[in-house]
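Note sheet for the following structure.
No experiment lies behind these values; they were computed from the predicted model shown.
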Amino acid sequence: GCSGTATIAVAENALPEPIIGGNPAFCFGASTVLDAGAGYQSYEWSIPGNTTQFLDVSTADNFSVTVIDNNGCIGSAVVSTEVNPLPNPQIDGNLVFCQGAETELSSTEVYQSYLWSNGGMEQSTTVSTDDPISLTVIDENACEATVSAQPDFFPLNTPQISGDLNLCLNGATTLTADPGF
(Lines give C-alpha, C1' and ligand atoms only; values in the text may rest on other atoms or scores of the structure.)
Protein backbone atom coordinates (compact mmCIF):
# COMPACT_ATOMS: atom_id res chain seq x y z
CA GLY A 1 0.00 0.00 0.00
CA CYS A 2 2.90 2.37 -0.56
CA SER A 3 2.41 5.40 -2.67
CA GLY A 4 4.65 8.16 -3.91
CA THR A 5 4.18 11.51 -5.56
CA ALA A 6 6.33 13.28 -8.08
CA THR A 7 6.02 16.72 -9.56
CA ILE A 8 7.43 17.83 -12.85
CA ALA A 9 7.20 21.14 -14.62
CA VAL A 10 6.16 20.91 -18.24
CA ALA A 11 7.02 23.82 -20.48
CA GLU A 12 4.62 24.70 -23.21
CA ASN A 13 6.63 26.10 -26.11
CA ALA A 14 5.13 28.59 -28.49
CA LEU A 15 4.82 27.55 -32.10
CA PRO A 16 7.38 29.18 -34.37
CA GLU A 17 5.99 31.95 -36.58
CA PRO A 18 8.35 32.28 -39.52
CA ILE A 19 8.19 35.46 -41.57
CA ILE A 20 9.22 35.09 -45.19
CA GLY A 21 11.51 37.98 -46.13
CA GLY A 22 12.86 39.09 -49.47
CA ASN A 23 11.20 41.06 -52.24
CA PRO A 24 8.08 39.22 -53.43
CA ALA A 25 7.83 41.42 -56.55
CA PHE A 26 10.49 41.30 -59.25
CA CYS A 27 10.95 42.06 -62.95
CA PHE A 28 10.23 39.66 -65.80
CA GLY A 29 13.36 37.68 -66.66
CA ALA A 30 14.80 38.07 -63.15
CA SER A 31 14.28 36.20 -59.90
CA THR A 32 14.02 36.89 -56.19
CA VAL A 33 15.34 35.13 -53.09
CA LEU A 34 12.82 34.35 -50.35
CA ASP A 35 14.21 34.02 -46.81
CA ALA A 36 12.38 31.96 -44.16
CA GLY A 37 14.52 33.43 -41.36
CA ALA A 38 17.46 32.00 -39.44
CA GLY A 39 17.49 29.80 -36.38
CA TYR A 40 15.28 26.87 -37.29
CA GLN A 41 16.32 23.25 -37.14
CA SER A 42 14.78 22.41 -40.50
CA TYR A 43 13.02 24.02 -43.46
CA GLU A 44 10.66 22.53 -46.04
CA TRP A 45 9.45 24.74 -48.88
CA SER A 46 6.36 23.98 -50.99
CA ILE A 47 8.69 23.14 -53.89
CA PRO A 48 9.87 19.59 -53.13
CA GLY A 49 13.55 19.18 -52.37
CA ASN A 50 14.08 22.73 -51.14
CA THR A 51 15.13 22.38 -47.50
CA THR A 52 17.25 25.47 -46.84
CA GLN A 53 16.53 28.87 -45.33
CA PHE A 54 16.50 30.48 -48.79
CA LEU A 55 14.44 29.83 -51.93
CA ASP A 56 15.26 31.38 -55.33
CA VAL A 57 12.07 31.84 -57.40
CA SER A 58 11.41 33.23 -60.88
CA THR A 59 7.64 32.77 -61.22
CA ALA A 60 4.51 34.38 -59.81
CA ASP A 61 2.97 31.91 -57.36
CA ASN A 62 2.19 31.20 -53.72
CA PHE A 63 5.18 29.74 -51.86
CA SER A 64 4.96 28.25 -48.38
CA VAL A 65 7.59 27.11 -45.92
CA THR A 66 7.26 24.82 -42.92
CA VAL A 67 9.90 25.12 -40.20
CA ILE A 68 10.75 23.06 -37.13
CA ASP A 69 12.44 24.81 -34.22
CA ASN A 70 14.88 23.34 -31.67
CA ASN A 71 11.94 22.22 -29.50
CA GLY A 72 10.41 20.20 -32.32
CA CYS A 73 7.55 22.67 -32.75
CA ILE A 74 6.22 23.26 -36.25
CA GLY A 75 5.24 26.56 -37.86
CA SER A 76 4.56 27.74 -41.38
CA ALA A 77 4.18 30.85 -43.53
CA VAL A 78 3.02 31.68 -47.07
CA VAL A 79 4.01 34.47 -49.45
CA SER A 80 2.73 35.39 -52.93
CA THR A 81 5.22 36.52 -55.55
CA GLU A 82 4.51 38.83 -58.46
CA VAL A 83 6.38 39.22 -61.76
CA ASN A 84 6.28 42.80 -63.08
CA PRO A 85 6.40 43.31 -66.85
CA LEU A 86 9.36 45.11 -68.37
CA PRO A 87 8.77 48.64 -69.62
CA ASN A 88 8.38 49.05 -73.37
CA PRO A 89 10.06 52.37 -74.19
CA GLN A 90 9.63 53.97 -77.61
CA ILE A 91 11.63 56.85 -79.10
CA ASP A 92 9.51 59.57 -80.68
CA GLY A 93 10.63 62.47 -82.87
CA ASN A 94 12.12 63.14 -86.28
CA LEU A 95 14.88 60.64 -86.85
CA VAL A 96 15.65 62.11 -90.28
CA PHE A 97 16.76 65.74 -90.30
CA CYS A 98 18.99 68.10 -92.27
CA GLN A 99 22.72 67.72 -91.93
CA GLY A 100 24.10 70.48 -89.71
CA ALA A 101 20.80 70.83 -87.85
CA GLU A 102 19.53 69.06 -84.74
CA THR A 103 16.38 67.19 -83.74
CA GLU A 104 14.63 66.52 -80.45
CA LEU A 105 13.84 62.93 -79.52
CA SER A 106 11.72 61.87 -76.56
CA SER A 107 10.29 58.87 -74.75
CA THR A 108 6.64 58.28 -75.55
CA GLU A 109 5.93 57.19 -71.93
CA VAL A 110 6.70 58.62 -68.50
CA TYR A 111 9.17 56.57 -66.42
CA GLN A 112 11.03 56.99 -63.13
CA SER A 113 14.38 57.58 -64.84
CA TYR A 114 15.92 58.00 -68.28
CA LEU A 115 19.45 57.56 -69.58
CA TRP A 116 20.18 58.43 -73.21
CA SER A 117 23.40 57.16 -74.80
CA ASN A 118 24.42 60.80 -75.40
CA GLY A 119 24.33 61.42 -71.62
CA GLY A 120 20.86 62.98 -71.40
CA MET A 121 18.85 62.10 -68.30
CA GLU A 122 15.49 63.71 -69.11
CA GLN A 123 12.46 62.43 -71.01
CA SER A 124 13.74 64.29 -74.12
CA THR A 125 17.18 64.81 -75.64
CA THR A 126 18.60 66.72 -78.60
CA VAL A 127 20.78 65.04 -81.21
CA SER A 128 22.80 66.59 -84.01
CA THR A 129 24.68 63.57 -85.36
CA ASP A 130 23.66 60.44 -87.19
CA ASP A 131 25.23 58.22 -84.52
CA PRO A 132 22.92 55.48 -83.16
CA ILE A 133 21.02 56.62 -80.05
CA SER A 134 19.69 54.43 -77.26
CA LEU A 135 17.40 55.09 -74.32
CA THR A 136 17.39 53.09 -71.09
CA VAL A 137 14.40 53.59 -68.79
CA ILE A 138 13.52 52.38 -65.30
CA ASP A 139 9.85 52.21 -64.30
CA GLU A 140 8.09 52.49 -60.93
CA ASN A 141 8.75 48.79 -60.25
CA ALA A 142 12.52 49.25 -60.80
CA CYS A 143 12.28 47.26 -64.04
CA GLU A 144 14.68 48.34 -66.80
CA ALA A 145 14.55 48.22 -70.60
CA THR A 146 16.51 49.75 -73.49
CA VAL A 147 15.48 50.80 -76.99
CA SER A 148 17.68 52.06 -79.84
CA ALA A 149 17.15 54.17 -82.96
CA GLN A 150 19.26 55.28 -85.91
CA PRO A 151 19.06 58.98 -86.84
CA ASP A 152 19.82 59.89 -90.45
CA PHE A 153 20.51 63.09 -92.37
CA PHE A 154 18.85 64.57 -95.40
CA PRO A 155 21.79 65.50 -97.63
CA LEU A 156 22.49 69.20 -98.00
CA ASN A 157 21.52 70.40 -101.45
CA THR A 158 23.95 72.61 -103.30
CA PRO A 159 22.15 74.61 -105.97
CA GLN A 160 23.90 74.94 -109.32
CA ILE A 161 24.02 78.35 -111.00
CA SER A 162 24.37 78.41 -114.73
CA GLY A 163 24.38 81.06 -117.40
CA ASP A 164 26.80 83.48 -119.01
CA LEU A 165 29.05 84.73 -116.24
CA ASN A 166 30.94 87.11 -118.52
CA LEU A 167 29.25 90.41 -119.07
CA CYS A 168 30.24 93.88 -120.12
CA LEU A 169 29.94 97.00 -117.99
CA ASN A 170 26.29 97.99 -117.84
CA GLY A 171 25.41 94.72 -119.56
CA ALA A 172 22.93 92.08 -118.52
CA THR A 173 22.93 88.32 -118.31
CA THR A 174 20.48 85.63 -117.32
CA LEU A 175 21.45 83.21 -114.58
CA THR A 176 19.51 80.05 -113.80
CA ALA A 177 19.57 78.31 -110.45
CA ASP A 178 19.00 74.56 -110.32
CA PRO A 179 17.97 73.76 -106.74
CA GLY A 180 19.87 70.49 -106.77
CA PHE A 181 16.98 68.20 -105.94
Side-chain angles (χ1 to χ4, degrees), residues 1-93 95 104-127 129 131-151:
C2 300
S3 70
T5 303
T7 304
I8 187 169
V10 175
E12 184 176 6
N13 297 306
L15 296 176
E17 296 180 12
I19 297 174
I20 300 175
N23 191 351
F26 52 95
C27 301
F28 178 80
S31 64
T32 191
V33 176
L34 303 177
D35 180 357
Y40 298 109
Q41 188 177 32
S42 71
Y43 301 84
E44 183 67 39
W45 288 92
S46 54
I47 298 176
N50 289 278
T51 58
T52 65
Q53 176 182 339
F54 302 99
L55 179 67
D56 188 11
V57 297
S58 58
T59 59
D61 207 342
N62 293 324
F63 295 95
S64 65
V65 66
T66 300
V67 297
I68 299 175
D69 67 12
N70 291 331
N71 297 315
C73 297
I74 299 173
S76 62
V78 177
V79 68
S80 295
T81 58
E82 176 184 349
V83 178
N84 294 313
L86 296 179
N88 185 21
Q90 301 293 316
I91 295 175
D92 191 29
L95 287 169
E104 184 174 340
L105 302 177
S106 63
S107 168
T108 58
E109 300 289 327
V110 176
Y111 295 103
Q112 293 293 90
S113 71
Y114 307 88
L115 180 58
W116 294 88
S117 57
N118 67 358
M121 298 178 73
E122 302 295 325
Q123 187 172 355
S124 297
T125 192
T126 301
V127 296
T129 69
D131 295 331
I133 186 88
S134 65
L135 169 63
T136 300
V137 298
I138 298 176
D139 68 11
E140 68 278 357
N141 297 314
C143 296
E144 180 179 308
T146 300
V147 65
S148 297
Q150 177 65 57

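Taking OG1 from Thr125 and CG from Asn118, the interatomic distance works out to 3.5 Å, rounded to the nearest 0.5 Å. Note that CG of Asp61 is 6.0 Å distant from OG1 of Thr81, once rounded to the nearest 0.5 Å. Separating the CZ atom in Phe26 from the OG1 atom in Thr59 is a distance of 6.0 Å, to the nearest 0.5 Å. For the atom pair CD1 (Ile133) and CH2 (Trp116), the distance works out to 6.5 Å, reported to the nearest 0.5 Å. For the atom pair Leu115 CG and Met121 CE, the distance stands at 6.0 Å (nearest 0.5 Å).
Residues passing the ring-ring contact (aromatic ring centres under 6.0 Å, His included) test with Phe63, sequence neighbours excluded: none. Listed by chain and number, the residues in a side-chain hydrogen bond (donor to acceptor under 3.5 Å, both in side chains) with Thr126 amount to none (sequence neighbours excluded). For Ser113, the side-chain contact (heavy atoms from CB on, under 4.5 Å) criterion is met by Ile138, not counting sequence neighbours. Not counting sequence neighbours, the partners of Ser76 by the side-chain contact (heavy atoms from CB on, under 4.5 Å) test are Thr66. In this structure Glu122 satisfies the side-chain hydrogen bond (donor to acceptor under 3.5 Å, both in side chains) test with no other residue, sequence neighbours excluded. Take Thr146 and apply the side-chain hydrogen bond (donor to acceptor under 3.5 Å, both in side chains) test, not counting sequence neighbours, and it matches Thr136. Listed by chain and number, the residues in a ring-ring contact (aromatic ring centres under 6.0 Å, His included) with Tyr40 are Tyr43 (sequence neighbours excluded). Every side-chain contact (heavy atoms from CB on, under 4.5 Å) that Thr129 has, sequence neighbours left out, goes to Asp131. Not counting sequence neighbours, the partners of Gln41 by the side-chain contact (heavy atoms from CB on, under 4.5 Å) test are Ile68, Asn70.
Residue pairs meeting the side chain to side chain donor-acceptor pair (under 3.5 Å) criterion with at least one partner in residues 44-55, sequence neighbours excluded, are Asp35-Gln53. Applying the disulfide (SG to SG under 2.5 Å) rule to pairs touching residues 12-89 yields Cys27-Cys143, sequence neighbours excluded. Within the structure, no pair that satisfies the side chain to side chain donor-acceptor pair (under 3.5 Å) test touches residues 9-27, not counting sequence neighbours.
Contact of the Thr32 side chain with the Val57 side chain is registered, since non-hydrogen atoms from C-beta on lie closer than 4.5 Å.
Closest approach of Asp139 and Pro85 over heavy atoms only: OD2-O, 3.9 Å. Residues Val83 and Phe28 come closest through the heavy atom pair CG1-CA, 3.5 Å. Between Ser106 and Ser124 the shortest heavy-atom distance is CB-OG, 3.1 Å. Closest non-hydrogen pair, Pro87 versus Ala145, comes out as O-CB, 3.3 Å. Residue Pro151 comes nearest to Pro132 through the heavy atom pair CD-CA, 4.1 Å, listed as atom of the first residue, atom of the second, then distance.
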I would like to know whether Val110 and Gln123 meet side chain to side chain contact (heavy atoms under 4.5 Å, CB included); could you show each step before the answer? CA-CA 7 Å; Val110 176; Gln123 187 172 355; 4.1 Å; yes
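Side-chain atoms of Asp56 and Ser31 form a donor-acceptor pair, as typed in the model, at a separation below 3.5 Å. Asn62 and Ser80 form a side-chain donor-acceptor contact under 3.5 Å, judged by distance and modelled atom types alone.
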